[in-house]
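Keep in mind that what you see is a predicted model, and the values were worked out from it rather than measured. The figures here come from the full heavy-atom set of this structure, side chains too, leaving out hydrogens, waters and symmetry mates.
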Amino acid sequence: MTTASTPVPGSPPPAAGDWSDLVSAALVGTARRTVPAPSGIPHLDRGDPARTLLDRAALAAVRARAGRLPTRFEPDDPGGFEPAPPESAPLPPEGAARRLADLLDEDSALLLEWLELARCRGVRVPPESLPALLDRCARDTRRMAPALLAVAGRRGLWLAGFDSRWGYLRLLAAAAELTVEEWRSRPAQERHALLEAREPRLTAADEPLLEEALADRSARVRGLAMGLAARLPESRHARRLARCAGRHLRRGADDRPEIRLPDPADPELARVLGVEPRPRQAGGRSRETRLQQLWTLISHAPLDTWRGRLGATPADVAAFAAATDGELLEALANAAVLQRDREWARALLPIVLERLTGGHDVRASRGTALLALLPPEERCSWALERLRADRREPTPDTVLPVVKHVECAWTGGLGEQVAEALAGAERGDASVVQLCAAAGPRMPPSLHDRVVAGVRARRVGERGLEALGRLADTLRYRSRMHKEFR
């Protein structure tokens with residue numbers, strides 16, 4: 001049995017003739033043609049033909065937008081559809097299911113955490129919540145869709161076939177089994193979406209698909225393929241990039257970077273960058289183009305290209321770039337983020353984040369993205385080390401510049417440090433509000449009593465008290481949500 005909220009193949013659509021008759025009457029004019037009376041709507045008569053036409057058109061529009069009537073099909077009916085396949089994963093506990101409904105009603109930012117808890121518990125979304133959840137995740141598919149796919153169950157994929165707005169879920173699932181031939185047959189927008197959906201599962205076996213995408217007629221698809229190919233350092237494309245990049249950058253005899261700017265007219269360079277060769281130009285515009293191409297080469301060439309060329313180890317290369325060329329350091333950081341390389345991220349982080357937490361160097365803008373490459377526990381350990389190295393008493397002002405970059409669930413140790421800093425907050429301390437906002441979705445929810453008890457309310461201003469109250473409420477709410485999955 002279907003519901004009224006889900007369009008079903010085979011249900012009769014509103015009559016198209018109704019619209020054409022009404023539109024024709026509007027174009028010709030009611031003085032020259034009788035006002036049509038579409039079947040299935042009240043035959044209103046306002047006395048004035050023009051007003052009658054407008055009223056009937058409004059009623060027809062409402063009927064058209066109301067969708068299709070629910071229809072019952074049996075599996076063997078001609079033109080029917082197969083029912084949802086049986087599920088293997090269990091439903092969540094009753095309290096967790098009610099919590100999901102509340103989160104959807106409130107459009108809560110904690111919805112992603114609920115989906116992750118469900119994945120860890122091995123349960124699926126209750127069927128009655130699937131339509132609303134599919135709608136919600138359609139507004140943020142890049143972040144939400146993978147989490148939903150893990151817990152939507154077979155019914156979720158089945159239901160996604162009935163509404164084009166939910167097609168992202170089937171597209172994500174289809175990407176796992178995608179062949180070059182299937183991908184080639186799709187329009188450019190779908191080719192890009194399917195390629196993007198391959199990102200979390202990318203392996204060396206995807207090299208043929210990426211080679212096809214690198215020659216795609218869509219520049220957007222080629223750009224995405226370039227970024228993904230950079231994550232396969234043993235691929236043919238990566239080796240071509242390494243050879244090309246090595247000709248343009250090395251360590252000079254004076255221990256300075258020796259740079260040869262790319263030639264936009266070089267056909268080999270254009271081929272590896274996925275662009276058309278350009279005629280040589282004079283002046284600053286040509287130099288800007290060549291600098292952009294050098295940046296692209298460094299960002300996409302395998303990072304191990306620079307071992308032995310700029311330094312013996314990743315740490316040596318990072319130190320060399322930091323000491324000699326800030327732009328080079330920025331390009332290497334961008335390469336580590338693009339290529340998802342943890343070894344190089346660890347080598348670059350001490351330098352890049354030193355500038356970022358110091359708040360004085362915009363080139364450190366890749367610092368948070370580098371940190372995000374590391375496992376959550378390692379990120380929290382990095383933050384704890386920095387906080388403990390600071391001899392000052394923890395306060396929101398000293399803690400916030402560090403923990404705001406740790407965009408994951410915090411460990412108990414890091415949460416305790418933040419709770420201690422909040423307990424020492426002073427009146428008028430503007431960082432309290434920002435620190436509470438960062439802690440809400442990340443601090444261990446078991447610390448909600450510590451937050452309430454540890455605050456010396458007489459020393460905190462009104463805005464700080466409000467922020468601390470919201471933080472305590474959020475942690476208490478999350479604590480109950482976690483317990484409901486036990």
Side-chain angles (χ1 to χ4, degrees), residues 109-110 113 322 333 345-346 348-479 482:
L110 298 176
E113 185 173 4
R346 292 185 181 103
L348 289 157
L349 268 171
I351 299 168
V352 174
L353 280 172
E354 180 66 36
R355 300 181 176 195
L356 184 61
T357 54
H360 64 271
D361 197 311
V362 296
R363 291 198 179 102
S365 59
R366 302 306 279 165
T368 302
L370 284 171
L371 189 62
L373 295 177
L374 306 184
E377 286 194 4
E378 195 171 334
R379 294 183 234 173
C380 293
S381 295
W382 167 86
L384 271 174
E385 288 174 9
R386 290 193 63 86
L387 293 175
R388 288 168 179 167
D390 191 335
R391 301 293 182 177
R392 295 172 295 176
E393 179 183 354
T395 66
D397 271 335
T398 61
V399 168
L400 180 63
V402 176
V403 301
K404 71 180 181 181
H405 305 299
V406 186
E407 297 177 347
C408 62
W410 294 344
T411 58
L414 184 57
E416 291 279 353
Q417 283 285 98
V418 173
E420 184 180 348
L422 289 171
E426 298 285 349
R427 183 179 299 276
D429 188 348
S431 297
V432 172
V433 177
Q434 297 178 55
L435 185 56
C436 287
R442 302 171 190 168
M443 182 181 278
S446 58
L447 291 174
H448 64 86
D449 288 334
R450 170 78 183 274
V451 170
V452 173
V455 174
R456 295 192 286 270
R458 64 183 184 276
R459 297 175 58 189
V460 182
E462 184 178 347
R463 289 182 62 231
L465 282 174
E466 290 175 357
L468 287 163
R470 287 193 298 271
L471 173 59
D473 289 343
T474 298
L475 294 178
R476 191 178 296 111
Y477 186 97
R478 290 177 55 223
S479 179
H482 281 238

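Contact annotation: the side chain of Leu447 approaches that of Pro444 to within less than 4.5 Å [non-hydrogen atoms, C-beta and beyond].
The nearest pair of heavy atoms linking Leu349 to Gly367 is CD2-O, 3.9 Å. The two atoms that bring Pro441 and Ala438 nearest to each other are CD-O, 3.6 Å, heavy atoms only. Taking each heavy atom of Ala421 and Val399 in turn, the nearest pair found is CB-CG2, 3.6 Å. Nearest heavy atom pair, residue Val352 against residue Ala333, reads CG2-CB, 4.4 Å. Residues Val406 and Ala383 approach most closely at CG2-CB, 3.8 Å, considering heavy atoms. Nearest approach of Leu475 to Pro445, heavy atoms of both residues: O-CB, 3.5 Å.
The distance from atom CG of Leu435 to atom CG of Asp397, rounded to the nearest 0.5 Å, is 10.0 Å. Between atom OG1 of residue Thr398 and atom CG of residue Leu387 there is a gap of 7.0 Å, rounded to the nearest 0.5 Å. Separating the SG atom in Cys408 from the CG atom in Leu371 is a distance of 7.5 Å, to the nearest 0.5 Å. Between the OG1 atom of Thr411 and the CG atom of Leu384 there is a distance of 5.5 Å, given to the nearest 0.5 Å. Atom CG of Leu374 is separated from atom CH2 of Trp382 by 10.0 Å, given to the nearest 0.5 angstrom. To the nearest 0.5 angstrom, Leu373 atom CG is 11.0 Å from Thr368 atom OG1.
At least one donor-acceptor pair closer than 3.5 Å links the side chain of Ser381 to the backbone N or O of Glu377.
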Steps toward side chain to side chain contact (heavy atoms under 4.5 Å, CB included) verdict (Glu378, Arg346)
CA-CA 10 Å; Glu378 195 171 334; Arg346 292 185 181 103; 2.6 Å; yes

Check against side chain to side chain contact (heavy atoms under 4.5 Å, CB included), His405 and Arg386:
CA-CA 12 Å; His405 305 299; Arg386 290 193 63 86; over 6 Å; no

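Listed by first and then second residue, the salt bridge (Lys or Arg N to Asp or Glu O under 4.0 Å) pairs involving residues 467-478 are Glu113-Arg478, Asp473-Arg476 (not counting sequence neighbours).
With sequence neighbours excluded, the residues forming a side-chain contact (heavy atoms from CB on, under 4.5 Å) with Ala439 are Trp410, Val418, Met443, Leu471, listed by chain and number.
Between Glu407 and Arg379 there is no salt bridge, since none of the side-chain N atoms of the basic residue sits less than 4.0 Å from a carboxylate O of the acidic one.
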